[in-house]
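Comments concern the structure below.
By convention here, the first residue in the shown sequence is residue 1. Whatever order the structure lists them in is the order used to number ligands and atoms, beginning at 1.
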Amino acid sequence: MKIFSVEQIQNWDAFTINKEGILSINLMERAAVACFDWIVQSFDESYCFKIFCGKGNNGGDGLALARLLNSIKYQVSVFIPHNNKPGSPDFEENLKKLKKTSVHISVLQNENSFPSISEKDIIIDALFGTGLNKPVKGFYKEIIGYINANSNDTIAIDVPSGLYVDKSTITENEDVSIIKADYTLTFQNQKLAFLVAENEPYTGKVVFFDIELSKDYEASTPTPFEYIDDSMIKGIYQPRKNFVNKGNYGYASLLCGSYGMMGAAVLSSLACLRSGAGKLTSVVCEAGYGIMQTAVPEAMCMVSGEKHIGNFDDFQHFDVVGIGPGIGKFKSHVKLLENLFKSFKRPIVIDADALNILSENEELYSSIPVDTIITPHPKEFERLFGKSTSDFDTIDKAIETAKEFRIYIVLKGHHTLIATPDGKGYFNSTGNPGMATAGAGDVLTGIITGLLAQKYSPLQSCLLGVYLHGLAGDIAAEGLSQEALIAKDIVENLGNAFKEIQET
Ligand SMILES: NC(=O)C1=CN([C@@H]2O[C@H](COP(=O)(O)OP(=O)(O)OC[C@H]3O[C@@H](n4cnc5c(N)ncnc54)[C@H](O)[C@@H]3O)[C@@H](O)[C@H]2O)[C@@H](O)CC1
Ligand SMILES: Nc1ncnc2c1ncn2[C@@H]1O[C@H](COP(=O)(O)OP(=O)(O)O)[C@@H](O)[C@H]1O
Ligand SMILES: [K+]
C-alpha cells in the first residue's frame with residue numbers, strides 16, 4: 001500500500017472526482033457514512049456526541065456525520081469555532097443541510113462558550129484534517145486543550161487535529177497543540193504520521209476506511225514510502241517446487257554466539273532453518289559447540305575460537321553469511337568483518353554486536369559490500385549514524401544512508417522501516433509489543449539470512465522477512481498474550497505465518 005504526502009492525497013481526491021464524474025460532496029458523504037457505520041457498531045444510543053468542526057472539509061465531514069447520527073436518533077450537538085471567513089463550499093453545503101435537522105449548532109466565541117462534557121459524551125474532533133498548514137495557536141489551541149483535558153473518549157476524523165500527516169509536528173522548544181484521540185478514523189491509506197513513535201500519544205487506535213479513491217491514481221503515482229501489506233507479500237512469496245532437493249534452497253551460514261550468549265546463536269539458527277534454507281552451518285566458538293549440536297541438530301557446525309569466534313575466513317562454501325547474534329564485542333571481530341567484506345561476494349546480513357563493532361570502526365563503512373543488509377534497533381542505528389532530532393529525521397537519515405552506502409537498512413521497531421539503496425522506505429504492518437523481548441531480533445536475522453539463501457533478492461528478503469517475523473509474533477501473542485511471548489515462540493510460529501500467507 002502506498003503512503004502518500006498531503007499534496008498527493010489532495011490530488012488523489014481531485015483525480016477520483018474527475019475520473020468518476022462525481023462531486024466532491026459525494027466523496028465527503030462516503031467518508032461520513034464510513035465513520036457513521038463504525039460509530040453505530042461501536043456505541044449504542046445511550047451515548048451523546050459533541051462534534052467540534054473547523055470550517056474546512058474536515059469540519060464538513062463532521063457536519064455530515066452529525067446529520068447521519070441525528071437521523072437515527074443519537075443525541076448530537078455541533079460546535080464551530082468563531083471565524084469570520086466562509087467555510088469551504090462542501091462545509092457550507094453540509095451546514096445548510098444540518099440546519100434543517102434538530103441538531104443544535106453553536107458558534108464558540110470564547111472559552112466561556114465551551115460546552116460542559118458529561119459522562120456519556122463522546123467527543124468528535126473534526127477541526128482540522130490533512131489541510132493543517134501551520135501550528136495551532138490562539139483560540140484553536142484553547143479548544144484542543146479543553147478537549148484533551150476531558151477523559152471522555154475522543155474520536156478524530158481522518159487525523160487528530162493539529163498533527164501534520166507527512167512531517168514532524170513535535171518540536172523541541174515549542175508546546176505543541178494536538179488532539180489526543182482514543183480513535184482516529186482515517187480515510188483510505190496509511191499515513192506517515194501514524195507510523196512513528198513520537199505520534200503515539202495522539203492517534204490512539206487508527207481505523208482505516210476504504211472510500212474507494214481511484215485505484216488508477218494509486219497504481220500510477222510514485223511515492224517514496226510504502227506500507228507492507230498482504231498483497232505485496234503475496235507477490236513476493238514463492239511456493240516450493242516438487243522436483244527439488246536441499247541444494248535448491250541454498251547454503252546459509254551464521255557467525256553467532258559466544259560464551260554466555262549461545263541463546264542468540266540457537267535462536268537465529270533455528271529461525272534460519274525454519275524460514276526454509278536448504279542447509280545451514282553455524283560458525284560458533286568451542287564453548288558453544290555442544291550447545292548448538294544439541295539444540296539445533298539440523299545445523300552443521302564449524303568452530304573458531306575458544307569463548308568467542310576467533311579468526312575465520314572460510315566463507316567460500318556459503319551462499320549467504322549472517323553475522324552478529326550473540327558474538328560479543330571483541331577486538332578480533334574487526335579483522336573478522338574486514339575479511340568478510342573483502343572476501344565474500346554474496347549477500348551479507350549484519351546484526352547486533354557486529355553492528356556495534358562497525359560503529360566503533362567507521363573506516364569500515366565504505367567497504368561494506370553493496371546490497372548488504374544491516375538490521376539495527378534504534379539504539380544501534382544511533383551508534384552507527386548519530387542522533388536524530390525527530391522520528392521523521394531518523395527516517396530521512398536511514399534513507400540517505402542506505403543510498404550513500406548502497407545497502408539495505410532494516411530499522412527495527414513497532415513499524416520496522418526498510419530503507420533501500422534506491423531511496424525508498426517500506427514500513428512493516430505486522431508485529432506487536434510482545435516482541436519487545438530478548439532474542440526477537442536474533443530470530444529476524446536468522447529469517448532474513450534463510451530467505452537470502454533461497455535466492456530471494458535482498459529487498460524481497462527484507463520485506464518477506466520482517467512481515468513473516470511480525471506475523472509469527474502476532475500468532476504467538478494471540479495464543480499466549482504479549483507478555484508471555486518469548487523469542488522462541490516467534491520461531492515456533494513461523495510455520496503458521498507461512499501457512500497464513502499461503503492461504504491469503
Ligand atoms: N477533498 C475531499 O474530497 C475529501 C476530503 N475529506 C476531508 O477533508 C479534509 C481536508 O480538508 P481541507 O483540505 O479542507 O482541510 P482541513 O479541513 O483539514 O483544514 C483546512 C482549513 O483549516 C485552516 N487551517 C489550517 N491550519 C490551521 C491552523 N493551524 N489554524 C487555523 N486554521 C488552520 C485552513 O486555512 C483551512 O481553512 C480531510 O482531512 C478529510 O477529513 C473527506 O471528506 C474525504 C473527501
Ligand atoms: N513494540 C513492538 N512492536 C512490534 N515489533 C516489535 C516491538 N518491539 C520489538 N519488536 C520487534 O522485535 C525485534 C526486536 O529486536 P532487537 O531489539 O534487536 O532484540 P534483541 O536484540 O533482543 O534480539 C525487532 O524485529 C522488532 O521489530
Ligand atoms: K480531525
Is the distance from the K ion (ligand 3) to the nearest N/O/S atom of L127 under 3.4 Å?
no
Run the numbers for me: atoms of ligand 1, each under 4.0 Å from some heavy atom of G129, listed by number.
16 (P), 18 (O), 39 (O)
Any atoms of ligand 2 less than 4.0 Å from a non-hydrogen atom of G439? List them with their elements.
20 (P), 22 (O), 23 (O)
Numbered in order shown, the ligand 1 atoms found under 4.0 Å of a heavy atom of G56 are 14 (O), 17 (O)
Using distance alone, with no hydrogens and no angle criterion, decide if N428 and T430 have a side-chain donor and acceptor under 3.5 Å apart.
yes
Residue-level breakdown please: for P135 versus ligand 1, do any non-hydrogen atoms fall below 4.0 Å on the side chain, on the backbone, on both, or on neither?
backbone
Could you tell me whether a side-chain N or O of D210 sits under 3.5 Å from a main-chain N or O of E212, the two making a donor and an acceptor?
yes
For the pair T372 (side chain) and I368 (backbone), establish whether a donor and an acceptor sit closer than 3.5 Å, ignoring hydrogens and angles.
no
Starting from atom 25 (O) of ligand 2, what is the nearest protein heavy atom, named by residue and atom, and what distance separates them?
H469 CE1, 3.1 Å
If we set the cut-off at 4.0 Å for heavy atoms, which region of N432 has an atom near ligand 2: side chain, backbone, both, or neither?
backbone
How close does the nearest protein non-hydrogen atom get to atom 34 (C) of ligand 1, and which residue and atom is it?
N133 ND2, 4.0 Å
For ligand 1, which atoms have a heavy atom of Y140 less than 4.0 angstrom away?
31 (C)
Under 3.5 Å, is there a donor-acceptor pair between the side chain of K2 and the main chain of T223?
no
Under 3.5 Å, is there a donor-acceptor pair between the S88 and N57 side chains?
yes
State the atoms of ligand 2, each with its element, that fall below the 4.0 Å cut-off from a heavy-atom position in H414.
1 (N), 2 (C), 3 (N), 4 (C)
Any side-chain donor-acceptor pair under 3.5 Å between S388 and T394?
yes
Compare F128, F209, W12 and give the one whose heavy atom is closest to atom 32 (N) of ligand 1.
F128
Any protein heavy-atom neighbour for atom 36 (C) of ligand 1 (distance below 4.0 angstrom)?
no
Mind checking whether S88 has an N or O less than 3.5 Å away from an N or O of ligand 1?
no
Heavy atom of K134 under 4.0 Å from ligand 1?
yes
Tell me whether atom 18 (O) of ligand 1 lies less than 4.0 Å from at least one protein heavy-atom position.
yes
Give the residue, atom name and distance (to 0.1 Å) of the protein heavy atom nearest atom 12 (P) of ligand 1.
N57 N, 3.8 Å
If we number the atoms of ligand 2 from 1 as shown, the ones under 4.0 Å from a heavy atom of A440 are 12 (O), 13 (C), 14 (C), 23 (O)
Ligand-side contact atoms (ligand 2) for residue partner A438, heavy atom cut-off under 4.0 Å
22 (O)
Enter the distance from I123:CD1 to Y146:OH here, rounded to the nearest 0.5 Å.
7.5 Å
Do any nitrogen or oxygen atoms of L444 lie less than 3.5 angstrom from nitrogen or oxygen atoms of ligand 2?
no
Pair E29 + R67: basic N to acidic O under 4.0 Å
yes
Side-chain donor-acceptor pair present, E20, N26, cut-off under 3.5 Å
no
Should we count CD of E7 as having more than 12 external heavy atoms under 6.0 Å?
no
In terms of ring plane angle, is the pair F498 and Y237 parallel, tilted or perpendicular, where the classes change at 30° and 60°?
tilted
CD of E198: more than 12 outside heavy atoms within 6.0 angstrom?
yes
Under 4.0 Å between heavy atoms, the region of D61 that gets near ligand 1 turns out to be side chain
So, does G54 sit close enough to ligand 1 that a heavy atom of it is under 4.0 Å from the ligand?
no
Once you restrict to heavy atoms under 4.0 Å, what part of D13 touches ligand 1? Side chain, backbone, both or neither.
side chain
Pick, from G473, S268, G413, the option with the minimum heavy-atom distance to atom 5 (N) of ligand 2.
G413
Using modelled atom types only, decide if a donor and an acceptor are shared between the side chain of D353 and the backbone of G326 within a distance under 3.5 Å.
no
Heavy atoms from other residues, nucleotides or ligands near OH of Y259 exceed 12 (cutoff 6.0 Å):
no
Considering only protein heavy atoms, which is closest to atom 24 (C) of ligand 2, and at what distance to one decimal place?
K412 CD, 3.5 Å
Between I157 atom O and N58 atom OD1, the angle centred on the K ion (ligand 3) rounds (to 10°) to 80°
Mind checking whether T130 has an N or O less than 3.5 Å away from an N or O of ligand 1?
yes
Looking just at side-chain N and O atoms, do N58 and D158 make a donor-acceptor pair shorter than 3.5 Å?
no
Inspect the contact between D121 and K50 and indicate whether a charged nitrogen and a carboxylate oxygen are less than 4.0 angstrom apart.
yes
Does the cation-pi check pass for K191 over F194, that is, NZ or CZ under 6.0 Å from the six-membered ring centre and within 45° of its axis?
no
Report yes or no: do T184 and K205 form a side-chain donor-acceptor pair below 3.5 Å?
no
Has the side chain of T445 got a donor or acceptor atom that lies under 3.5 Å from a matching backbone atom of G441?
yes
Which is closest to atom 17 (O) of ligand 2 in terms of heavy atoms, M435, H377, H415?
H377
Heavy atom of the protein closest to atom 19 (O) of ligand 2 (residue, atom name, distance):
G441 N, 3.4 Å
Compute the angle centred on the K ion (ligand 3) spanning OG of S161 and O of D125, and express it rounded to 10 degrees.
100°
Do any N/O atoms on S24 end up under 3.5 angstrom from N/O atoms on ligand 1?
no
Tell me, please: is A352 in heavy-atom contact with ligand 2, that is, under 4.0 Å?
no
List every atom of ligand 2 that sits less than 4.0 Å from any heavy atom of P433, numbering the atoms from 1 in the order shown and giving each element.
1 (N), 2 (C), 3 (N)
Test item, L132 contacting ligand 1 (heavy atom, 4.0 angstrom)
yes
Which atoms of ligand 2 sit under 4.0 Å from any heavy atom of D442?
23 (O)
Considering only heavy atoms of G431, which atoms of ligand 2 have at least one such atom less than 4.0 Å away?
4 (C)
Select one of side chain, backbone, both or neither to describe which atoms of D158 lie under 4.0 Å from any atom of ligand 1, heavy atoms only.
side chain
Between T375 and D351, is any side-chain donor less than 3.5 angstrom from a side-chain acceptor?
yes
One finds that the ligand 1 atoms under 4.0 Å from a non-hydrogen atom of M28 are 43 (O)
Output yes when R274 and E492 qualify as a salt bridge under the 4.0 Å nitrogen-oxygen rule, no when they do not.
no
Do S282 and S269 pair up side chain to side chain, a donor and an acceptor below 3.5 Å, judged on atom types alone?
yes
Look only at interatomic distance and state if G131 has a nitrogen or oxygen under 3.5 Å from any nitrogen or oxygen of ligand 1.
yes
Close-contact set for ligand 2 against A436 heavy atoms, below 4.0 Å:
8 (N), 9 (C)
